[in-house]
Amino acid sequence: MKATRITELFGIKYPIIAGGMVWCSGWRLASAVSNAGGLGLIGAGSMHPETLAEHIDKMKAATDKPWGVNLPLMYPEIDKIVELIINKGVKIVFTSAGSPSKLTAKFHEAGIKVVHVIANSKFARKCEEAGVDAIVAEGFEAGGHNGREELTTMTLIPQIRKATSLPLLAAGGITSGNAILAAMALGADGVQIGTLFALSEESSASIAFKQHCLNLGESDTMLALKKISPTRLVKNALYERIKEAEDRGADADELRTILGTNAAKRGIFEGDIENGEMEIGQAVAGIHEIKPVSLIMKELVDEYDKTLQTLR
Ligand SMILES: Cc1cc2nc3c(=O)[nH]c(=O)nc-3n(C[C@H](O)[C@H](O)[C@H](O)COP(=O)(O)O)c2cc1C
């Protein structure tokens with residue numbers, strides 16, 4: 001797999017980033033990805049400041065390779081987390097779910113590289129104005145919170161490539177070396193992968209969540225909750241209650257009540273398969289085994305290299 005602007009920007013071997021994922025991306029998953037030549041991100045979105053501090057310390061002990069932290073900007077204790085990230089000497093931050101102008105300058109002043117996640121060209125241009133170092137463009141096949149316009153990765157990446165010259169990571173639906181190659185052919189400089197790593201051995205998601213996801217097909221997830229924050233959900237009992245409410249025009253407050261507290265924690269971390277919020281991407285349909293990160297990374301790189309040869 002070739003060096004790109006992304007491998008140069010972060011000082012990594014392969015242009016493969018493991019997206020920060022609530023309840024999955026602790027120091028174990030992030031350090032395994034970094035040690036295998038990619039860039040691991042700690043997912044701060046599900047961590048209190050004390051928990052994040054602990055994960056950062058363990059991360060420093062587990063790898064001497066580059067790594068970063070993902071910070072969703074709607075985070076309730078954001079000021080505390082920002083100070084913590086700066087004081088702990090984190091070098092790379094991926095911000096998501098908010099405006100790129102919010103924290104980029106502050107992180108840059110502290111010598112931190114900033115990457116922002118977007119889902120359309122308008123926000124790509126805002127990222128350029130805000131001076132971010134790179135962007136992740138995420139199609140709505142992706143697991144987690146998604147763009148409300150429902151743009152697919154295949155449609156999005158060429159548009160973003162035209163809209164900005166920033167180093168570009170493609171995300172959404174990528175689970176193979178072939179898909180990485182396709183993303184690069186469309187103009188990406190690397191990829192951010194979530195779903196595949198969420199189901200790895202090192203992910204902190206519960207075994208019940210992982211096992212359930214391994215048996216899902218291509219139609220078993222849907223985008224829901226546009227009135228709160230568009231999220232791709234596994235079709236389970238909770239999803240059916242949300243869908244029924246959305247179909248009759250329920251407002252955001254009612255949807256929040258149906259979700260209840262800690263819905264993602266219940267689904268992903270505690271393995272409440274039917275009544276928890278189960279976040280995973282469409283590409284889950286192709287994953288049938290829990291594997292260690294080292295093997296996943298090797299398979300991605302080997303397939304990419306092999307297919308590249310056949311295309312020459
Ligand atoms: C379980 C799960 C939780 C996620 N949590 C976050 C998060 O906290 N912050 C974020 O920016 N993206 C989050 N994502 C999105 C991923 O970082 C990544 O961009 C996305 O999964 C890529 O698409 P894929 O799932 O098709 O690989 C999450 C994805 C999953 C599957």
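Throughout, numbering of the chain's residues begins at 1 and tracks the sequence. In each ligand, atom 1 is the first atom listed, and ligand 1 is the first ligand listed.
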Checklist entry - Below 4.0 Å from any atom of ligand 1, is there a heavy atom belonging to Ala283? => result no
Checklist entry - Applying a strict 4.0 Å limit to heavy atoms, is Gly45 in contact with ligand 1? => result no
Donor-acceptor contact below 3.5 Å, side chain [X] vs main chain [Y]:
X	Y	result
Thr95	Leu71	no
Glu141	Thr153	yes
Thr4	Asp189	yes

Next on the checklist: For the NZ atom on Lys13, are there more than 12 heavy atoms of other groups (residues, nucleotides or ligands in this structure) within a distance under 6.0 Å?
Outcome noted: no
Around [atom], find the nearest protein heavy atom and jot down its residue, atom name and distance.
atom	answer
atom 26 (O) of ligand 1	Gly173 N, 2.7 Å
atom 28 (C) of ligand 1	Met21 CG, 3.5 Å
atom 11 (O) of ligand 1	Ser96 OG, 2.8 Å
atom 23 (O) of ligand 1	Ala142 CB, 3.2 Å
atom 1 (C) of ligand 1	Glu279 O, 3.2 Å
atom 19 (O) of ligand 1	Glu138 OE2, 2.5 Å
atom 9 (N) of ligand 1	Asn70 OD1, 2.8 Å

Next on the checklist: Apply side-chain contact (heavy atoms from CB on, under 4.5 Å) to residues Arg312 and Gln309 and explain how you reach the verdict.
Outcome noted: CA-CA 5 Å; Arg312 283 205 166 113; Gln309 291 303 322; 3.3 Å; yes
Next on the checklist: Testing the basics here: between Ala124 and Ile118, what is the closest heavy-atom pair and its distance to 0.1 Å?
Outcome noted: CB-CD1, 3.8 Å
Checklist entry - Taking a hydrophobic cluster as the set of Ile, Leu, Val, Met, Phe, Trp and Tyr residues connected by side-chain heavy atoms closer than 4.5 Å, whether directly or through intermediates, do Met74 and Ile85 fall within one such cluster? => result no
Any N or O on [X] sitting closer than 3.5 Å to an N or O of ligand 1?
X	result
Gly20	yes
Pro72	no
Gly194	yes

Item to check | Option of least heavy-atom distance to atom 15 (C) of ligand 1 (set: Gly19, Gly143, Cys24) | outcome: Gly143
Checklist entry - Does Lys226 come within less than 4.0 Å of Glu150, counting only side-chain N to carboxylate O? => result yes
Item to check | Salt-bridge criterion met for Lys113 and Asp133 (N-O under 4.0 Å) | outcome: no
Item to check | ligand 1-proximal atoms of Thr195, by part, heavy-atom distance under 4.0 Å | outcome: both
Item to check | Per-atom contacts of ligand 1 with Gly172, taking only distances under 4.0 Å to non-hydrogen atoms | outcome: 22 (C), 23 (O), 26 (O)
Checklist entry - For ligand 1, which atoms sit closer than 4.0 Å to a heavy atom of Ile193? => result 27 (O)
Next on the checklist: Could you go through Glu244 and Arg248, starting from their C-alpha distance and side-chain angles, then the distance that decides it, and tell me whether this counts as salt bridge (Lys or Arg N to Asp or Glu O under 4.0 Å)?
Outcome noted: CA-CA 7 Å; Glu244 184 274 324; Arg248 63 177 158 73; 2.9 Å; yes
